[in-house]
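Let me begin by presenting the structure, written as structure tokens, before commenting on it.
A, B, ... follow the sequence lines: proteins, then strands. Residue 1 opens every chain.
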Amino acid sequence: MILENLPDMVALVREAVSQVPRGSVSTYGDIAAAFGDRAAARAVGEMLPGILGAPVHRIVYSDGSVGGHAGHGGDGNARAGLLRSEGLEVRGGRVVSFADARFRDFRVPPVLEGMRREQELIRAEVTESDSFGALQRVVGLDVSYEGDRAFAAAAVHEWDSGEPISERTAETRIGFPYIPGYLAYREVPALAPLISKEAGTLYLVDGHGTLHPRGAGAASHIGVLFGVPAAGAAKSLLAGKVLDPEAERSQVVLEGRGSGIMLRQGRNRTFVSVGSGISLDTAAEVCSGLLDRGIPSPLRRAHELANRVRREAVAEGKA
DNA sequence: GCGACAG
DNA sequence: ATCTTGTCGC
Ligand SMILES: [Mg+2]
């Protein structure tokens, strides 16, 4: 399906960096833009330190400054020296005539553009009315990480009582970075082994559903791709505006549409939105009914479980 | 122009 | 998300 055969972003970033010629420079944001979305700038920056055999010293900040932090194969002075040896003038920690030296001709696949198209297709298949009979259980889903190992957890709660019923975990290798707006490509493959179609079951995902720039966050991917009722419950906002920030419960508006509900207990907030196969009202009622210190209890439990199995796995590896 | 940016 | 110890507060 859509979330398989994801692009190897490390390899693609390495390829992009390799295309910057001697005497030229580029920026995190320009490389991200070459892949189709500047929102990936930070992700590019995080991958750079691990990239070998490519001229990462030619990647500078968007203002032309050379910087001095790790990840560029040395400190700022070393990088300035390398750039000078390639014919560039560096003064006061900045590349002189940065605009002229800025490389603009990347030939890499715009993979993020394709993913946005996929998200638009997902959005078109989202349904926003309750697609189940009597709600019996709510399954919280969350993921914890250690390097490229992902630890996914599902915590099943009985809706009537709110009590925990069971739990499951699954470990997978992660192959895609976190990029704002593309969380589904990182987390949904890890959660997939824990999802099955069962009557009366709602999946509660740690993240957004339709409260998303393309109206299709991770919760919508789960709802649509697996054909299960799903809702998103995130701890912070990715897009949209809270109408009444001080209220215990408020509508969240995105592009003129009431796409989300903010629930709060004290300073802990949860932003609820439709994944698919459920109405926003029902999703908010379920989250509200299971709210424990500002977080729906199935999600709190899934979060704790994912962290626990990660720590156990790491401890096991050291033993 | 600056800030914001799920996990 | 992860890196981390003690510490402040309800
Ligand atoms: Mg999470």
Query - Atom pair distance, as rounded to whole Å: CZ in A/Arg293 and C1' in C/dC10 - result: 14 Å
Requested in this report: Keeping the roles fixed (side chain from A/Arg94, backbone from A/Val96), state whether a donor-acceptor pair exists under 3.5 Å.
Outcome: no
Query raised in the report: Just wondering, more than 12 heavy atoms not from A/Arg42 lying within 6.0 Å of its CZ?
Result: no
Query raised in the report: Checking side chain to side chain contact (heavy atoms under 4.5 Å, CB included) against A/Pro298, which of A/Asp292, A/Val138, A/Ile165 comes through?
Result: A/Val138
**Report entry** Backbone N/O of A/Ser144 and side chain of A/His303: donor-acceptor pair under 3.5 Å
**Finding:** no
Query - Length of the CZ-C1' vector between A/Phe176 and C/dA1, whole Å - result: 15 Å
Requested in this report: Using a 4.0 Å heavy-atom cut-off across all strands, classify A/Asn307 as base, sugar-phosphate, or nothing.
Outcome: sugar-phosphate
Requested in this report: Heavy atoms only: give me the nearest A/Arg149-A/Ala313 pair and the separation to one decimal.
Outcome: NH2-CB, 3.7 Å
Requested in this report: Classify the nucleic acid contact of A/Arg310 as base, sugar-phosphate or nothing, counting any heavy atom under 4.0 Å across all strands shown.
Outcome: sugar-phosphate
**Report entry** CD/A/Glu171: more than 12 non-hydrogen atoms of other groups inside 6.0 Å
**Finding:** yes
**Report entry** Paired and unpaired positions of DNA chain B as dot-bracket, Watson-Crick or G-U wobble under 3.5 Å, | denoting a partner strand
**Finding:** .......
Report task. Could you tell me whether a side-chain N or O of A/Thr201 sits under 3.5 Å from a main-chain N or O of A/Arg137, the two making a donor and an acceptor? Result -> no
Report task. Check A/Gly277 against A/Pro229 and note the closest heavy-atom contact, atom names and distance. Result -> O-CB, 3.9 Å
Requested in this report: Round to a whole Å and report the spacing from CG of A/Leu141 to P of C/dA1.
Outcome: 15 Å
Report task. Summarise protein proximity over nucleotides 2-7 of chain B in one line of letters, 5' to 3': B for base, S for sugar-phosphate only, - for none, counting protein heavy atoms closer than 4.0 Å. Result -> ---BBB
